[in-house]
*Asks:* 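Please find one structure pasted underneath; my questions will follow.
Since we're looking at a predicted model, the values are computed, not measured. Values below: all heavy atoms of this structure, side chains included; hydrogens, waters and symmetry mates excluded.
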Amino acid sequence: QVHLVESGGGLVQAGGSLRLSCAASGRTLSAYGMGWFRQAPGKQRDFVATISWSGGSTYYADSVKGRFTISRDNAKSTMYLQMNSLKPEDTAVYYCAASVTGSGTPAALYNYWGQGTQVTVSS
């Protein structure tokens, strides 16, 4: 019912910043809780951040708290992940996801996933 496309990934030096975008089509974005996940080669897909339907509630993994900011613009059907003070361990494929039932940390909660965008942080 919704198609998600990530963009904004790339190569950045440690300490730098990137902003990822997730554009949605189909059902209005306001109907979904949204989240960001990431997966490094050979690693498990990990929770990064989530945001509620209205954008009034956010939650972050401890590893990114204070450095990353999740936000959404329902009028533009777009979710963002502002990533500051990037570290080499942030290198991963980043995925956006949408949940019709709410927002939260379990990957199984999310019904729709984007194709992912690569973020590489050099030391």
Side-chain angles (χ1 to χ4, degrees):
Q1 304 302 322
V2 62
H3 180 64
L4 306 174
V5 179
E6 302 96 334
S7 62
L11 176 64
V12 65
Q13 295 184 44
S17 299
L18 285 173
R19 188 172 79 156
L20 305 184
S21 298
C22 175
S25 61
R27 191 176 181 182
T28 180
L29 188 64
S30 64
Y32 298 91
M34 302 291 294
W36 287 97
F37 292 76
R38 66 187 183 186
Q39 188 168 22
K43 303 293 185 179
Q44 189 173 331
R45 184 172 296 188
D46 291 328
F47 166 77
V48 175
T50 188
I51 188 166
S52 62
W53 296 29
S54 66
S57 180
T58 59
Y59 183 76
Y60 299 90
D62 288 342
S63 59
V64 306
K65 190 175 297 183
R67 300 188 297 119
F68 291 11
T69 303
I70 188 171
S71 62
R72 64 192 297 166
D73 186 339
N74 290 339
K76 296 181 178 179
S77 296
T78 304
M79 178 181 64
Y80 304 96
L81 185 68
Q82 178 66 47
M83 305 185 295
N84 298 326
S85 301
L86 283 162
K87 305 174 181 179
E89 51 263 43
D90 295 318
T91 296
V93 176
Y94 284 70
Y95 298 90
C96 68
S99 171
V100 71
T101 57
S103 60
T105 60
L109 186 151
Y110 294 88
N111 307 100
Y112 305 99
W113 294 83
Q115 83 289 347
T117 185
Q118 177 71 48
V119 172
T120 302
V121 184
S122 62
S123 60

*Asks:* Just grab all the disulfide (SG to SG under 2.5 Å) pairs involving residues 45-86, residues at least two apart or on different chains.
*Replies:*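 For residues 45-86, and leaving out neighbouring residues, there are no disulfide (SG to SG under 2.5 Å) pairs at all.
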
*Asks:* Are any non-hydrogen side-chain atoms of Tyr110 and Thr50 less than 4.5 angstrom apart?
*Replies:*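 Heavy-atom side-chain distance check passes, below 4.5 Å.
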
*Asks:* Are Tyr60 and Leu86 co-members of a hydrophobic cluster defined by side-chain heavy atoms under 4.5 Å apart?
*Replies:*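 Same cluster.
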
*Asks:* Are Tyr112 and Val93 joined in one hydrophobic group, where the rule is that I, L, V, M, F, W and Y side chains link up if heavy atoms are under 4.5 Å apart?
*Replies:* no

*Asks:* Once rounded to the nearest 0.5 Å, what's the spacing between atom CE of Met34 and atom CG of Asn74?
*Replies:* 9.0 Å

*Asks:* With Lys65, which residues qualify under salt bridge (Lys or Arg N to Asp or Glu O under 4.0 Å), at least two apart?
*Replies:* Asp62

*Asks:* Between Trp113 and Met79, is there a shared hydrophobic cluster once you connect ILVMFWY residues whose side-chain heavy atoms come closer than 4.5 Å?
*Replies:*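 Each belongs to a different hydrophobic cluster.
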
*Asks:* Under the rule for side-chain contact (heavy atoms from CB on, under 4.5 Å), what residues qualify as partners of Ser71, not counting sequence neighbours?
*Replies:* Tyr80

*Asks:* Can you pull the side-chain hydrogen bond (donor to acceptor under 3.5 Å, both in side chains) pairs that have at least one residue in residues 3-12, sequence neighbours excluded?
*Replies:*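 Applying side-chain hydrogen bond (donor to acceptor under 3.5 Å, both in side chains) to every pair that reaches into residues 3-12, excluding sequence neighbours, yields Glu6-Gln115.
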
*Asks:* By side-chain contact (heavy atoms from CB on, under 4.5 Å), which residues pair with Ser52, not counting sequence neighbours?
*Replies:* Ser54, Ser57, Ser103

*Asks:* Which ILVMFWY residues can you reach from Leu11 by hopping between side chains whose heavy atoms are under 4.5 Å apart?
*Replies:* none

*Asks:* How would you list, by chain and number, every residue that makes a ring pair (Phe, Tyr, Trp, His ring centres under 6.0 Å) with Phe47, sequence neighbours excluded?
*Replies:*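 So Phe47 forms a ring pair (Phe, Tyr, Trp, His ring centres under 6.0 Å) with Phe37, Tyr59.
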
*Asks:* Determine which pairs satisfy salt bridge (charged side-chain N to carboxylate O under 4.0 Å, His left out) with at least one residue from residues 96-115, sequence neighbours left out, and list them in order.
*Replies:*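 Qualifying pairs, neighbours excluded: none.
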
*Asks:* Please list, chain by chain and in numerical order, all residues satisfying side-chain contact (heavy atoms from CB on, under 4.5 Å) with Gln82, sequence neighbours excluded.
*Replies:* Ser17, Arg19, Thr69, Asn84

*Asks:* Is there a continuous path of hydrophobic side-chain contacts, each under 4.5 Å between heavy atoms, that joins Tyr32 to Leu109?
*Replies:* no

*Asks:* Check whether any side-chain heavy atom of Met83 lies under 4.5 Å from a side-chain heavy atom of Val12, and answer yes or no.
*Replies:*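 The answer is no, as the side chains (C-beta and beyond) never meet within the 4.5 Å cut-off.
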
*Asks:* May I have all residue pairs that pass salt bridge (charged side-chain N to carboxylate O under 4.0 Å, His left out) and include part of residues 40-58, sequence neighbours excluded?
*Replies:* none

*Asks:* Please list every donor-acceptor pair under 3.5 Å in which a side-chain atom of residues 116-123 meets a protein atom from a residue at least two apart or in another chain.
*Replies:*
| unit_1 | atom_1 | unit_2 | atom_2 | d |
| --- | --- | --- | --- | --- |
| Thr117 | OG1 | Gly9 | N | 3.3 |
| Gln118 | NE2 | Ala92 | O | 3.4 |
| Gln118 | NE2 | Thr120 | OG1 | 3.4 |

*Asks:* Taking side-chain hydrogen bond (donor to acceptor under 3.5 Å, both in side chains) as the cut-off, I'd like each qualifying pair that reaches into residues 90-100, sequence neighbours left out, listed once.
*Replies:* Arg38-Asp90, Arg38-Tyr94, Arg67-Asp90, Ser99-Thr101

*Asks:* Closest heavy-atom contact between Val2 and Ala98?
*Replies:* CG1-CB, 4.4 Å

